[in-house]
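Only one structure is covered here, and it is reproduced in the block below.
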Amino acid sequence: MISMVVHGGAWDIPEDLIASHRDGVTRALRVGCAVLNDGGTAVDAVEAAIIIMEDDETFDAGRGSFINSAGDIEMDASIMNGENFRAGAIAAVSNVRNPITLARRIMEDSEHIVLVGMGAIRFAREHGVKTCGQDELITTRELDRWRKAQRRPNSSTRNAFRRKKVPVDTVGAVALDQYGNIASGTSSGGTPNKYPGRVGDSPLIGCGTYADNSVGGVSTTGWGEAMIKVVMAKTVIDLMDRNGNDPQKAASDGLKILERKAEGYGGIITLNNAGRVGIAYNTPRMVRAYMNSEMHQPIILV
Ligand code: GLY
């Protein structure tokens, strides 16, 4: 069995943005599955799928990331290999085109797991990961959104989150390869108009991303502060470990914990170690797509 699931955000996605979201996750899934079918590893597939969505300005990752209150982009990303528990992550990084690639380089070429800010950029330059100016990442859509936010300096993001109105286009992927290995990854520009230096759940291993070959893999999207409170990704893995490896029940039960303990919202994707998928969200919409070697067509849903 090879299997892959991807997501491109969970929120009240407006009608006029549905087609671009659907297209983005479809392309990401196709590229990731092609990697798996060609004998690539789960880590290769997760990186390849997330690069597609980072390069697609529809999503809050890479180009198209939300702009913080100081007018900068600060991106978060992580990747984890369930074969050996190795992981790599970056937080509050402004100048890379593909944060997931930098996270992978940290996982594979360093003794560390998380690098932030200028140290992460220094590591990127030393390891041949493409850096860029913020002009390559900032889009007109996000500049307009940021300008509007500057005119409402006292508006509460927390209340907007409670109304499920804050856009959450964080992207992620989980894959099972033909060697039986699971990998997970997540990439995000964070939340709109966030305080400079704010770090969400996406780069935190156990919160936004987790993978363990003996159980499964998880990636999350949603209100990061709430996800962090319940250590969302590892909580889902632990639930799955205890429930006989039922990924759908683990995702649904995990989401209930998020709601009950942190009043949080968002979405969860998971695969168990047999490649079965679980997806749960408590937002009006979540864009997600999955495929495995027993299926003839991918399932793409918004
Ligand atoms: N889940 C993405 C973030 O809150 O940063």
Side-chain angles (χ1 to χ4, degrees), residues 6-13 21 25 50 53-54 58-62 64-69 72-80 89-94 99-100 103 114 116-117 120 137 142 145-146 149 156-174 184-210 218-236 251 254-255 257-259 262-270 279-283 285-288:
V6 305
H7 69 74
W11 59 292
D12 195 2
I13 302 169
H21 280 77
V25 295
I50 290 180
M53 294 186 281
E54 288 177 340
T58 300
F59 303 104
D60 172 34
S65 285
F66 296 146
I67 302 171
N68 72 15
S69 61
D72 293 315
I73 278 183
E74 291 186 331
M75 299 170 293
D76 299 337
S78 63
I79 191 164
M80 184 165 186
I90 58 154
V93 167
S94 300
I100 196 68
V114 188
V116 305
L137 304 171
E142 289 312 318
R145 197 200 301 270
W146 179 77
S156 162
T157 308
R158 188 179 171 80
N159 285 338
F161 265 114
R162 288 231 163 93
R163 293 195 307 275
K164 302 185 179 179
K165 284 292 177 198
V166 177
V168 184
D169 289 317
T170 296
V171 304
V174 184
S184 305
T186 310
S187 183
S188 181
T191 49
N193 206 37
K194 64 189 179 182
Y195 195 86
R198 180 265 188 190
V199 172
D201 57 322
S202 305
L204 304 182
I205 299 302
C207 297
T209 299
Y210 204 78
V218 174
S219 171
T220 70
T221 179
W223 183 10
E225 278 72 9
M227 297 280 180
I228 292 168
K229 286 178 189 170
V230 297
V231 197
M232 193 75 262
K234 181 63 161 59
T235 294
V236 172
L255 201 67
I257 290 171
L258 178 73
E259 284 176 346
E263 295 178 80
Y265 77 88
I268 296 162
I269 58 170
T270 182
I279 297 173
Y281 58 101
N282 61 352
T283 44
R285 290 192 164 112
M286 177 182 189
V287 56
R288 70 269 190 208

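Just so you know, ligand 1 is whichever comes first in the structure, and atom 1 is the first atom listed for that ligand. All values reported here derive from a predicted model rather than from experimental measurement.
- Judged purely by atom type and a 3.5 angstrom limit, Asp76 has no side-chain atom pairing as donor or acceptor with the backbone of Val199.
- Counting the atoms of ligand 1 from 1 in the order shown, those under 4.0 Å from a heavy atom of Ser188 are 2 (C), 5 (O).
- Every atom of ligand 1 with a heavy atom of Gly200 under 4.0 Å away is listed here by number and element: 5 (O).
- Taking any N or O of Gly224, backbone or side chain, at least one lies under 3.5 Å from an N or O belonging to ligand 1.
- Relative orientation of the Tyr265 and Trp223 rings is tilted, given thresholds of 30° and 60° on the angle between their planes.
- The side-chain hydrogen bond (donor to acceptor under 3.5 Å, both in side chains) check on Thr221 picks up nothing, with sequence neighbours excluded.
- Interface of Gly222 with ligand 1, defined as ligand atoms under 4.0 Å from a residue heavy atom, comprises 1 (N), 2 (C), 3 (C), 4 (O).
- Each of the atoms 1 (N), 2 (C) of ligand 1 lies under 4.0 Å from some heavy atom of Thr170.
- Taking only nitrogen or oxygen atoms, main chain and side chain alike, Trp223 does not reach within less than 3.5 Å of ligand 1.
- At a threshold of 4.5 Å between non-hydrogen side-chain atoms, the residues Ile67 and Arg145 do not count as touching.
- Checked against a 3.5 angstrom limit, the closest N/O atoms of Val168 and ligand 1 fall outside it.
- Between the choices Arg198, Lys194, Met227, Glu225, the shortest heavy-atom distance to atom 4 (O) of ligand 1 belongs to Arg198.
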